[in-house]
2 protein chains.
Amino acid sequence: MQEHKLGTHDCIQLVPIFNQLTTVELQQVSAIVHEHVYEKGTTLFNAGDEANQLTIIAAGQAKVYQLATNGREQLLYLLQSGDFDGEAALFNPVTRTSYAEALVPTQVCSIQRSDFQALLAEAPQLALGILNEFGKRISQLEGKATSVTTSSIGGRLADYLVETAASFPAQTMFTLPLQKKEIAVYLGTTPETISRKLNEFQIAGWLKKGHGNQIAVLDADQLALQD
Amino acid sequence: MQEHKLGTHDCIQLVPIFNQLTTVELQQVSAIVHEHVYEKGTTLFNAGDEANQLTIIAAGQAKVYQLATNGREQLLYLLQSGDFDGEAALFNPVTRTSYAEALVPTQVCSIQRSDFQALLAEAPQLALGILNEFGKRISQLEGKATSVTTSSIGGRLADYLVETAASFPAQTMFTLPLQKKEIAVYLGTTPETISRKLNEFQIAGWLKKGHGNQIAVLDADQLALQD
DNA sequence: TTACATACTTGATTCGGATCAAGTTTACTT
DNA sequence: AAGTAAACTTGATCCGAATCAAGTATGTAA
């Protein structure tokens, strides 16, 4: 069973920032991409490492944690296929402040800074795609920063659920990709509160809890209206 | 008195993303930059506008507000000389979700999307500089998103004060650039709480309140240690 | 200088959500 | 299938900060 393994060319096509490239440019990119498969539970990179490369998830899933000053870890991103991290490394050597761990067997494409900079001079179109992707990410983060100071916990959880459920058929049961403890940390709250809010939502008829970490969103519209 | 007015060339040199350009490239950029001066209290752009340009503050100061779903306004940025906004517009036509107002007479440089894209193809070095700046902004926003879910109000206020005080000589009185009401909204709290926390900080000996909106930070190190 | 509006402060009360402390379920190991 | 550890739930209590309600400064216009 290795359906999730892909050739280099396919790998690159999965990444949004490379979507707009011509065939020729795609080949140029292929030439400088390195591939690696990480087993479940292994570390993609560590805090304190010097970062010299862009890391792209071709297939699989990884969690990125930031270490807070008090030693606590804050989940920063849940990287899915096509997501990337470490873009700052493409311009300057930086020390990573976060670390990442593979949740499942995960195939990663990486690009070295020096290779990337050389390529950029030849394929300006590439820069546009990346800039575009960065712009999106900034909007997203601005939204998060706003919503965190603006909405209540209930609202943030509701948003998270609607967003997560979006990748599954409507009204069907699915397994939450994160444990409640992790969702809690991600939203800046506690597992207890997550538990209680999910109950409230179920009583309101907006969702249905199943076995283990399964839920079905019944009324995404009402959920989204929370706060 | 027009010391704050600058020629186009000077204007561009103020902007970090253009810092690394060669003289030739700077001239190319100069050619496509439009300048405009907004009087105090006038609107730079409005929510709902279609954005087709990058807006750079050459001299002056502007507030950028985001409208929340409940109709409340959330202060997003306080733009100073050299800051820019609307970078998403450089890649796709977008509708603005925020609006900006000049706090003082403010000189603005703007670049149209079409001009920018044409330029980018000729000056790849420019893309690198912008990408770099974007990377920094993303780190900054990641930090803010983390600190908001992690620290208490006191900690966030302390950070804000230390940051704001940094542009004044140490331990001297200065006037806060925002009203307390606005600081409150910015930090996601209320004027009452700001008032109380400032008292606590004064009693602890970390700052001194003066007349009106003046304060002096006495012990930035202790403040920064808050939470 | 007085009058008025706006910003700010202070106190009393309320409330959301964190924390603490058991239980209970789920999932993994053998 | 039984045993164990981890994750989850539920209840009781506590605390930080929001809200409500006066007040007091500050600044502005006549």
Side-chain angles (χ1 to χ4, degrees), chain A residues 40-41 63 68 70-75 101 103-104 147-161 173-204 207-215 226-227, chain B residues 40-41 63 68 70 72-75 103-104 147-161 173-204 207-215 226-227:
Chain A
K40 174 179 174 178
K63 286 188 287 194
N70 54 11
R72 295 236 148 174
E73 46 185 32
Q74 157 83 34
L75 183 66
E101 183 192 310
L103 285 183
V104 296
S147 88
V148 164
T149 52
T150 290
S151 330
S152 65
I153 293 288
R156 276 184 272 159
L157 175 59
D159 287 346
Y160 172 79
L161 291 174
M173 275 293 179
F174 65 93
T175 302
L176 290 168
L178 293 175
Q179 294 180 187
K180 302 236 170 66
K181 192 169 60 171
E182 294 178 302
I183 298 176
V185 175
Y186 181 63
L187 297 176
T189 179
T190 61
E192 292 95 325
T193 298
I194 299 283
S195 214
R196 293 184 232 269
K197 293 294 174 190
L198 283 180
N199 266 346
E200 287 177 27
F201 291 168
Q202 177 163 244
I203 290 168
L207 58 79
K208 197 162 158 41
K209 293 195 293 181
H211 235 242
N213 257 353
Q214 303 209 97
I215 67 157
Q226 266 305 90
D227 292 346
Chain B
K40 173 180 175 176
K63 285 189 289 196
N70 55 11
R72 293 236 149 175
E73 46 185 31
Q74 157 81 37
L75 183 65
L103 285 182
V104 296
S147 88
V148 164
T149 54
T150 289
S151 331
S152 67
I153 293 290
R156 276 184 273 159
L157 175 59
D159 287 346
Y160 171 79
L161 291 174
M173 276 294 180
F174 64 94
T175 303
L176 289 168
L178 294 175
Q179 294 180 186
K180 301 235 169 72
K181 192 168 58 171
E182 294 178 302
I183 297 176
V185 175
Y186 181 64
L187 298 176
T189 181
T190 60
E192 291 96 326
T193 298
I194 298 283
S195 216
R196 291 184 233 270
K197 292 295 173 190
L198 283 179
N199 265 347
E200 286 177 28
F201 292 167
Q202 177 162 246
I203 289 168
L207 58 77
K208 197 160 159 41
K209 295 195 293 181
H211 236 240
N213 257 353
Q214 302 210 97
I215 69 157
Q226 267 306 91
D227 295 342

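All chains are named by letter (A, B, ...) in the order of the sequence lines, taking the proteins before the strands, and each is independently numbered beginning at 1.
- For the pair B:Leu198 CG and C:dT9 C1', the computed distance is 11 Å after rounding to whole Å.
- Across all strands, A:Glu192 comes closer than 4.0 Å to base atoms (heavy-atom distances).
- As rounded to whole Å, 15 Å separates atom P of D:dC15 from atom CD of B:Glu200.
- Judged by distance alone, with hydrogens and angles left aside, A:Arg196 brings a side-chain donor or acceptor within reach of the base of D:dG11, the pair sitting under 3.5 Å.
- With values rounded to the nearest 0.5 angstrom, A:Asp159 atom CG is found 9.0 Å from A:Leu187 atom CG.
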Would you check, one step at a time, whether the test side-chain contact (heavy atoms from CB on, under 4.5 Å) holds for A:Thr175 with A:Ile215?
-> CA-CA 6 Å; A:Thr175 302; A:Ile215 67 157; over 6 Å; no

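- For the pair A:Gly154 and A:His211, nearest-nucleotide mapping onto DNA chain C gives the more 5' position to A:Gly154.
- Side-chain N/O atoms of A:Thr193 include one lying less than 4.0 angstrom from OP1 or OP2 on C:dA18.
- For the pair A:Gln202 (side chain) and A:Lys209 (backbone), a donor-acceptor distance under 3.5 Å is present.
- Distances shorter than 4.0 Å separate some side-chain N or O of A:Thr189 from OP1 or OP2 on C:dA18.
- Rounded to whole Å, atom P of D:dA17 lies 14 Å from atom CD1 of A:Ile153.
- Contact annotation: A:Lys209 side-chain N/O to D:dC8 OP1/OP2 distance is not under 4.0 Å.
- In this structure, A:Gln214 atom CD and C:dT26 atom C1' are separated by 12 Å, rounded to whole Å.
- The side chain of A:Asn199 contributes an N or O atom lying less than 4.0 Å from OP1 or OP2 of D:dT10.
- Between B:Lys197 and the phosphate of D:dG16, there is no side-chain N or O to OP1/OP2 separation shorter than 4.0 Å.
- Once rounded to the nearest 0.5 Å, the distance linking CG of B:Leu178 with CD1 of B:Ile194 reads 10.5 Å.
- Rounding to whole angstrom units, CG of residue B:Leu176 and C1' of C:dC8 are separated by 13 Å.
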side-chain contact (heavy atoms from CB on, under 4.5 Å) evaluation trace for B:His211 with B:Met173 = CA-CA 10 Å; B:His211 236 240; B:Met173 276 294 180; over 6 Å; no

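- For the pair B:Gln202 CD and C:dC8 C1', the interatomic distance rounds to 14 Å; values are reported in whole Å.
- Taking 4.0 angstrom as the limit, A:Asn213 places none of its side-chain polar atoms (N or O) nearer than this to OP1 or OP2 of C:dT26.
- Of the two residues contacting DNA chain C, namely A:Gly210 and B:Gly212, the nearest-nucleotide position lying further toward the 5' end is that of B:Gly212.
- Considering only the side chain of A:Ser195, D:dT9 comes nearest among D:dT9, D:dA17, D:dA18.
- Minimum atom distance to the side chain of B:Lys181 is reached by C:dA7, of the listed D:dA17, C:dT19, C:dA7.
- Closest contact between the side chain of B:Lys180 and the listed nucleotides D:dT9, C:dC8, D:dA7 involves C:dC8.
- The distance from atom CD1 of A:Ile194 to atom C1' of D:dT10 is 16 Å, rounded to the nearest whole Å.
- The distance from atom OG1 of B:Thr189 to atom CD1 of B:Ile183, rounded to the nearest 0.5 Å, is 11.0 Å.
- Between the C1' atom of C:dA18 and the CG atom of A:Leu187 lies a distance of 15 Å, rounded to the nearest Å.
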